[in-house]
Every structure is written in C-alpha cells, then in structure tokens.
> 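Provided herewith is a single structure, encoded as structure tokens, for subsequent inquiry.
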There are 2 protein chains.
Amino acid sequence: MDALAPMRAQGPLRTLRMSETAYEAIEGAIVRCELAPGTPLVDRQLSEVLGVSRTPIRDAMQSLEAAGLVVRTRGRYSVAGFDLDDVRELFEMRRLLEPPGLERLAADWDPAVVEELATFFDGAPEPGPPGPYEEYLARDHAFHKRIVALSGNSRLIRFYAIAEKQINRIRHYLAPGYEGRMKEVVNEHRDVCEAIAAHDLDAARAALISHLEAGEATMAKYLAQQQEKENPGG
Amino acid sequence: MDALAPMRAQGPLRTLRMSETAYEAIEGAIVRCELAPGTPLVDRQLSEVLGVSRTPIRDAMQSLEAAGLVVRTRGRYSVAGFDLDDVRELFEMRRLLEPPGLERLAADWDPAVVEELATFFDGAPEPGPPGPYEEYLARDHAFHKRIVALSGNSRLIRFYAIAEKQINRIRHYLAPGYEGRMKEVVNEHRDVCEAIAAHDLDAARAALISHLEAGEATMAKYLAQQQEKENPGG
DNA sequence: ATTTGGAATTTGGTATTCCATATGCCCTTG
DNA sequence: CAAGGGCATATGGAATACCAAATTCCAAAT
C-alpha cells in the first residue's frame, strides 16, 4: 500500500472532488503496476493512506470497478488480474474501435489532420532500448487516441479510453522487456500515415490492423513468458 | 418523481445491495421514459421516495452517469437528454459491436446456435400494430444480444449492453408510433439467419448491417418528427 | 420598476457512526 | 489430533451528521 502517497490538498483551483482525486491516485498506482494484481484494496486503509474519509474512496472504488481495474470478489475489493484472454479481448476492441476514425477522415478529408498524424514521432528521442520508454509510450498513445478521436463518436472514444487504460497497465507490467518493439512501432505508424496521405483507406486500415495484430502478438508472447516465469508449470 | 415506487425490502435472498436495487429502479424509470429527459434528480428526494438513505442513491447516480442515462451539469444531476447525434453514435456502436459475434460463429461453427438464432421469433404473436410491442422488443433484444454474446468478448458484451440500454430508451420514447417496423424487423432477422445457415459470413454481416442501418433510419426519422412536433421551428 | 445585496434554502460532497456479514483464530470436544 | 462451534475482528454497506457552494427569493435602495 506504500505505493500511494497522501493526497495533497488542492489549491484555490480545487474543482476536482476528493473522490476524483482519490480515483486518479489509485488508478495511477494500478496502471503503473505499483499495486500488483490481486492486492486487496481495503477502503479503511486507503482512506488512511490518502488522508480522506471512506466515502470518496468507495466512490473511487466503484469507478475503478467500472473501469475494469478493480474487481469485487465475495464482497472484497482487490486489484484486477489479467491474462492472455484479456489481451485478446482488449486488442479485439482496439481493432474494432480504431478504424472508424480512419474512415471518418477519409470521408471528411482534412490535410491538417493528416499532417498532424505524421508528426507524432517527429523530434522524438531515438527510440529503442535504452530509449526513453515513457515518452515513447506517450507518443504512441497520442497517435492512436488522435485516430480514435477522429471518429467523432463520444461513446466510442469513451470505451476506447477504458480499454486503453487496461492495455497500458499490461504494458507497464511487461516493461522494460517490452521496449524492443519501439522502432518497429514507429515504422508501422509511418506505414499507416503514408497510406492515409495516399488517400488509400483500405491500405490504411490494413496497416493499422496489422500494426495492432503485431502489438497483440508481442504482448501475448511476453505475457506468456512472464507468467511462465512466475508460475512455472502452471 | 411519482414514476418511482418505494423499494420493497427484499426477502431472505437479499443478496443485492440497496444501491443496486436503487439503480435498477431509477434505470428502469429512465429507460421506460417514465422520467423524462432533463428531469432533475435530487438525491434527497429519491432517497425519500425509494425509502433508503442518500448513500446508496448517490452510488446509483454514479453508475447511472457511467451508463450515460444521467448527466451532471454544473454539479446537479438530471436525466440525460438525447438527439439525432446520439442515434448516430449508438447505431455506429451497434454496427461495430455486433459483427464480431457472427465472425466468431463462422469460425467456431455450432449448429445448435444457428438453430437457436432462427427460433427467436417462433411462436411469437403476430407482429405488427397493434401487436404486443413489449414482447416484440424483448425478442428483438434477445436476438441481437445472443449474437453479441457469441463474440466471447466480455468487454464487447459490456459495452454493447450500455449502448443497448440507451437505444432502448429512445425506442420507448418513440413508441407507439415506432411499432410500424415490427414485421420488417422480423424479416430482416430471418435474412441474417438464412445467410448464417448458408455459411455465408459476408452475406450475414451485410444483412445485419443493412438491418441496423434500416433501424437507424427509422429511429432518426421518427425522432426528428417527434422533436419537430415538440419544438416547432427549433 | 429595476437592480442589487444578502439571507434562506437547496443540493452535492465529505466525514462519521452504526450495522450486518464474513473471515479467521482459538478453544473445546470427540 | 482432527473437527466443529463460537467469539473476536475485519470489511463492506447504509444511515446520519456536517459542511461548502450554488441557487433562489425577498427586500431595500436608487
């Protein structure tokens, strides 16, 4: 539980509720895997650590459960686990939710957006180990999030964000061994951008799907290795 | 607020929490449009009407907000509104989330499921006005829900359920004028089933998409009419 | 009559208290 | 020594109390 620091009282701009602040603190700790899967989350303990009462903590727990980061088993809360099935489900969601953005862009062409997508990795430090993994992750997220935002569908965007958080957590779990694919990812993003710039929707969609399938394969491979390492023989 | 009746104390099987019971009561009233869009939802009032304290009510409100049925504007809760944009977004989600079930069925063929899908409207009362709209709706939901379940993707199923609830609400809002399409819907379902039975995935997907597009067009038309009626001139 | 200041009320958020159940430990008993 | 019962504790859920901010409404002043 020492992964969590007391919430600082917010300054004059305190427009955020305590429950939201608590949510972000706990969510962050879970996504960064500072709270390991299976860790029991006891509201009284969290309440004491974060310096707020149980009420906002319980609100946060409810949101975290809806976000798929916390599970309630037999009435007790704990950090959600994940396995290869989750990887499969999450990447299927990405393959479903990302293409509509491309389609919308093809329908409502905007050169500025095309240009923007191509520049997400411009000026980035040289990727690849031992490159700055966190910055790479942020740029990768920004690229895909921008594509999803093009869909103009607020529900789609919201659902995608939920899936994205869960995937991000698994990425953190697998880092740093996971850094090896950074250069390939940048190249695959470029492929998507070039197909878009060429007004070739089918090629762009295919490149995006292919990119996601490669990502899923890599994540599944590393996760299987990691799980084998932690639980030999199963 | 008279749309809500006091929650009955549950019997010995009370495994549901008060907050869940409150959620279902309020959700039901919103989906059935007994609580009109824009109706302010004041926790103290709901607490009194439903006969529970504010705490479970506020838990329910949080869930209802996540379900997209309640909005919080300037700190006040109210029943979410909807418009043509919502219809567009919701049907786009359905067109995205339903096909994976068909694909999975094509990959893992199961004659029993194919048979099951074909029988969802067997033994139904003659559809069409003034047929029993509620039963028709239930069968329609069951058909699509079954297809979605075939995907085997728990996230997809969950997201679909959220969208489905919102669409269902708009259906209730537009009923009974909406009943006219019942016969066509049954025929379109049959088209999907026949394409599935013929092992023609592409045709099944096309029939399903076409069915959803027809549903969206109908709903959009009626909603536009209704809104014009309520707010002439806009 | 309109506007403005402020007080009362409303409302949401948070803290605290109370309660029911589940869990686990220990003691008893066979 | 094993199994079962019961007591202590842990934990989540609900009720209540308290607080701050926003809204409303009334009155007074111009």
Side-chain angles (χ1 to χ4, degrees), chain A residues 1 4-27 30 35-67 69-80, chain B residues 1 4-27 30 35 38-67 69-80:
Chain A
M1 204 58 53
L4 291 171
M7 291 160 47
R8 280 194 309 278
Q10 315 181 38
L13 281 80
R14 62 163 231 73
T15 175
L16 253 54
R17 293 183 290 273
M18 292 292 202
S19 55
E20 293 183 58
T21 313
Y23 175 89
E24 302 201 348
I26 302 172
E27 181 201 72
I30 294 177
L35 288 174
T39 305
L41 296 175
V42 181
D43 53 14
R44 275 174 240 266
Q45 290 179 18
L46 293 168
S47 156
E48 187 172 1
V49 172
L50 294 176
V52 293
S53 78
R54 289 174 65 205
T55 310
I57 297 291
R58 305 193 87 257
D59 288 352
M61 298 290 269
Q62 190 179 336
S63 299
L64 287 162
E65 191 190 3
L69 297 172
V70 162
V71 292
R72 198 171 43 197
T73 51
R74 286 202 315 273
R76 307 295 169 94
Y77 290 100
S78 59
V79 177
Chain B
M1 201 60 52
L4 291 170
M7 290 161 48
R8 279 195 311 278
Q10 316 181 37
L13 280 82
R14 60 165 229 69
T15 176
L16 254 53
R17 293 184 290 273
M18 295 289 206
S19 56
E20 293 182 58
T21 312
Y23 175 89
E24 302 200 349
I26 303 171
E27 182 201 71
I30 294 177
L35 288 174
T39 304
L41 296 175
V42 180
D43 54 12
R44 281 173 170 86
Q45 291 179 18
L46 292 168
S47 156
E48 187 172 1
V49 172
L50 293 176
V52 293
S53 79
R54 289 176 63 206
T55 309
I57 298 292
R58 305 194 86 257
D59 288 353
M61 297 291 270
Q62 190 179 337
S63 299
L64 287 162
E65 191 190 3
L69 296 173
V70 162
V71 292
R72 198 170 44 196
T73 51
R74 286 201 314 273
R76 306 295 168 96
Y77 291 99
S78 58
V79 178

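Since the structure is predicted, the reported quantities are computational estimates derived from the model, not experimental observations.
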> Using the side-chain hydrogen bond (donor to acceptor under 3.5 Å, both in side chains) criterion, which residues pair with A:D59? Sequence neighbours excluded.
none
> To the nearest Å, how far apart are B:R72 CZ and C:dT11 C1'?
13 Å
> Can you tell me how far P of D:dG12 sits from CD of A:E65, to the nearest Å?
12 Å
> Looking at every non-hydrogen atom in both residues, tell me the closest pair between B:I30 and B:L35 and how far apart they are.
CG1-CD1, 4.1 Å
> Check the distance between C:dT14's P and A:D43's CG and give it to me in whole angstrom.
15 Å
> Only counting residues at least two apart or in another chain, list the ones meeting side-chain hydrogen bond (donor to acceptor under 3.5 Å, both in side chains) with B:S47.
none
> Once you round it to whole Å, what is the distance between C1' of C:dG12 and CG of A:L16?
15 Å
> Could you state the atom-to-atom distance from CD of B:Q62 to P of C:dG12 in whole Å?
14 Å
> Considering just the side-chain nitrogens and oxygens of A:R74, establish if one lies under 4.0 Å of OP1 or OP2 belonging to D:dG12.
no
> Checking B:Q62 now: which residues fulfil side-chain hydrogen bond (donor to acceptor under 3.5 Å, both in side chains) with it, not counting sequence neighbours?
A:S63
> Of all the nucleotides listed (D:dG12, D:dA14, C:dT11), which has the minimum atom distance to the side chain of A:Y77?
D:dG12
> Send over the distance from B:I57 CD1 to C:dG12 P, rounded to a whole Å.
11 Å
> Which whole-number value in Å describes the distance from B:R76 CZ to D:dA22 P?
9 Å
> Please tabulate, for side-chain N and O atoms in residues 73-80 of chain A, each donor-acceptor pair with protein atoms closer than 3.5 Å (sequence neighbours left out).
residue: A:Y77; atom: OH; partner: A:R72; partner atom: NH1; Å: 3.1

> Tell me the interatomic distance from B:E48, atom CD, to D:dA15, atom C1', rounded to whole angstroms.
15 Å
> Dump the pairs, protein N or O against N or O of nucleotides 15-19 of chain C, anything under 3.5 Å, distances to one decimal.
residue: C:dA15; atom: OP2; partner: A:S53; partner atom: N; Å: 2.7
residue: C:dA15; atom: OP2; partner: A:S53; partner atom: OG; Å: 2.6
residue: C:dA15; atom: O5'; partner: A:S53; partner atom: OG; Å: 3.3
residue: C:dA15; atom: N7; partner: A:T55; partner atom: OG1; Å: 2.8

> Report the residues that fulfil side-chain hydrogen bond (donor to acceptor under 3.5 Å, both in side chains) with A:R44, sequence neighbours left out, ordered by chain and then residue number.
none
